[in-house]
Amino acid sequence: MVDRSSEITGDTIVSEQDWLRRLDRELNQAQYEFVTLSAPAILGLAGPGSGKTRALMYRAAHLIKNGVPPGSMMLLTFTNKAAGEMKERLEKLIGYLPKGLWAGTFHSTGARILRRHAPLLGRTGQFTILDEVDSNRLLRQLVDSLPFKIDRDGRNLLLKRRFLEKVISRHRNSNLTVEQVILEYYPRQVEYTELIERLGRMYTERKRESNSFDFDDLLICWRDLFRDHPRVKAEYRERFRHLLVDEFQDTNRIQAELVDQFAGAASICVVGDDAQSIYAFRQAEVKNIVTFPDKYPRCQVIRMERNYRSTPEIVSLADRSIAINREQLKKKLYSSNPPGEKPVLVQARDVYQEASLVGYLVGELHSFGVPYKEIAVLYRSSYLSSGVEFELMRRQLRYRTFGGLRFLQKGHIKDVTAYLRVLYNPEDRVSWQRVVTLQPGIGEATFETLWKEWSRFPDRLQAMLSGKVSPPRGAAGWERLRETYLDLVTPGLTLPAMIDIVLQKNYDAILEKSYPDQFEERRQGIERLADYGARFASLGQFLDTISLDDSIYSDGSLPSTDRGFLTLSTIHSAKGKEWEAVFVIGLNEGQFPSSRIDSSLVEEERRLFYVAVTRARRYLYLLSYRQDHRQWGAAPLIPSLFLRELPPETYQVLEPDPEF
DNA sequence: TCCCACATGCTTTTT
DNA sequence: GCATGTGGGA
């Protein structure tokens, strides 16, 4: 019997010299320094394609090779995709994913910590994570339940465009008061300040009663947990001696505060690129990365400026574009790759010609030997993808989309998960309401009455199963629901079996009635959810994963598992990725930069453009079109500011054949 | 109080 | 083109 841990230790000792030689061979000087440096704080400032995630993972591997227990390391990043990337690379580097290592998004790590200490925050470990749809519903109910009437205009104003949600979230994420947020972003609505403060307090209380947290809470309550419970904080400071944070430019104030909690106890190593900060709409603060060295006095700053990804032509175009931004840390990005073709600008007649040009050029690239999986089409907003999607379908090319419409946020999928959520967390009012009001004859008002009656029982699920509560009307639907749950509480059910019960006993009939023409399609979506659920050992794990990671897409498979597919992606979702050939479409003024942003955000949009073009290794196509038939005002479009301002020597123009 | 039919307006971007 | 909002009838 071989003890696996000693095997690894043995391996470490034997290969230490090999490992150092390998670092020397595979890293440049800046990277080598970054990986092997020992300091209380390290900032890796790195341009696109300079291998910053790679360097960060070499650092993690290096620590492990030097005997640092993986259980004392925490790897954090912002998106699920980046988190997946980190784990994948680390596993490739050292051959296995170390046990005990914490690697994930800030939000999933927050959820993990909060589950362990939930009672300190008035929750149980089975708390529900509310997504935006849920929390908006909750707020909507609170507005309607105010003990006084607000006039219709006021109600509309509060609920339209997620105004209320945004004010509360901004306030909580920024440490500004509600009044300051309103004065800064919505000065005309200042009269609503008190009302919003009141609703904010009601919202906090309602979440506690429902044993749930929203996305913001996963970070804010984590911070507050450490603030209010020094012993808990000490426990984590004791355990985690190395924090490694990727994409640090995308952190918001709360996330930066969370990292600060470990100051002095752990070595804190962050990497990022201020020029790729594209999450301001989520209160990401570039200043977190800019001021990092000031905040941590003995901080070492390493610059990684050599680009390994792209041709000099692409790097030059990107560099000239980003240079127009005034707010940035100066970096001198350079590529020593062999020269390639200049990026190509194409102005199409309309969205259809743009799409067929993409289709045609994809075919050309493929015939030159560029595999489909090395080609990506990127866009500012997900609705811009439909033209190209249609064209690819016509050409029978397989593709995969990232970003955009959420599979899990579709009504019927949320319905099915609500049935399961209340099993796990019977206090979950939002989900109960969803399930109960689905039944014919039961609406909001009936649910309110029922809920009051129901709350007299210590366990809502038991109370329902025993038949001790019933709504004032809609008895038939309630009874069917009760029978469904009698089956669902059978011990040992798999997730597909549970979903099957929900469908057979209750939801199928409801679905058919509400979507007579889309019944089959939606039902198939639910079946894919069931298939996906089969891989989970427990309901809790399944619910946690689908609340925090929306990466099951409408085709039901997971990203990055298949080869031979083209990629269609929003630019946000493409961050951190690279392809041999990249098309950026819809580069029209009004679409990108989006016309709904105010002028102060143009630099952010330019950073987004910068992210888009630096995804390409050898071939870059920038497409715009003159006419949009889809919009009402068929005013001619002009090319994006980001194309117009490019120096002509950075690109070549391709004139589409008018016959095409 | 609920439900259906119709109108509206909306599309950033992620957790 | 699709979810959410409104209004009248049961």
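Because only heavy atoms are used, hydrogens play no part in the values below, and waters and symmetry mates are left out as well, while side chains stay in. Naming: A, B, ... by sequence-line order, numbering from 1 per chain. The structure displayed is predicted, hence computed values, not measured ones.
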Short N/O separations, protein against nucleotides 3-7 of chain B, under 3.5 angstrom:
unit_1 : atom_1 : unit_2    : atom_2 : d
dC3(B) : OP1    : Gly441(A) : N      : 2.3
dC4(B) : OP1    : Lys513(A) : NZ     : 3.3

Once you round it to whole Å, what is the distance between [atom2] of [N] and [atom1] of [X]?
X         : N       : atom1 : atom2 : result
Ile546(A) : dT15(B) : CD1   : P     : 15 Å
Glu165(A) : dT15(B) : CD    : C1'   : 13 Å
Glu132(A) : dT4(C)  : CD    : C1'   : 16 Å
Leu438(A) : dC2(B)  : CG    : P     : 14 Å
Asn588(A) : dT11(B) : CG    : P     : 20 Å
Tyr279(A) : dT15(B) : OH    : C1'   : 9 Å
Phe447(A) : dC2(B)  : CZ    : P     : 12 Å
Ile278(A) : dT13(B) : CD1   : P     : 12 Å

Short side-chain N/O contact to [N] OP1/OP2 from [X], under 4.0 Å:
X         : N       : value
Asn80(A)  : dT15(B) : yes
Ser108(A) : dT15(B) : no
Thr109(A) : dT15(B) : no

Item checked: Those residues that, when tested against Ser431(A), pass side-chain hydrogen bond (donor to acceptor under 3.5 Å, both in side chains) (two or more places apart) ->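 Applying side-chain hydrogen bond (donor to acceptor under 3.5 Å, both in side chains) to Ser431(A) gives Asp428(A).
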Could you tell me which residues satisfy side chain to side chain contact (heavy atoms under 4.5 Å, CB included) with [X], sequence neighbours excluded, listed by chain and number?
X         : answer
Ser169(A) : Asn173(A), Asp216(A)
Ser108(A) : Thr105(A), Leu548(A)
Val290(A) : Val286(A), Leu329(A)
Arg253(A) : Asn175(A), Glu257(A), Glu285(A)

Margin query: Under 4.0 Å, heavy atoms only, any strand: does Phe281(A) hit a base, just the sugar-phosphate, or nothing?
Written below: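 Base contact.
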Next item on the list: Could you check whether Arg140(A) gets within reach of a base, just the sugar-phosphate, or nothing at all, counting any heavy atom under 4.0 Å?
Entry: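 Touches sugar-phosphate only.
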Next item on the list: Could you work out which one of dA3(C), dT14(B), dC2(B) sits closest to the side chain of Ala445(A)?
Entry: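 For the Ala445(A) side chain, the nearest candidate turns out to be dC2(B).
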Margin query: Among dA3(C), dT15(B), dT1(B), which nucleotide has an atom closest to any side-chain atom of Arg473(A)?
Written below: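 Shortest atom-to-atom distance from the side chain points to dT1(B).
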Notebook entry, point to check: Does Arg615(A) make a cation-pi contact with Trp579(A) (under 6.0 Å, within 45 degrees of the axis)?
Noted result: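 Pair Arg615(A)/Trp579(A) does not count as cation-pi.
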Next item on the list: Validate the cation-pi geometry between Arg170(A) and Tyr185(A): distance from NZ or CZ to the six-membered ring centre under 6.0 Å, angle to the ring axis within 45°.
Entry: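 Judged by the rule (NZ or CZ under 6.0 Å from the ring centre, within 45° of its axis), Arg170(A) counts as positioned above Tyr185(A).
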Checklist line | 5'-most by nearest nucleotide on DNA chain B - His107(A) or Glu444(A) | finding: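 Closest to the 5' end, via its nearest nucleotide, is Glu444(A).
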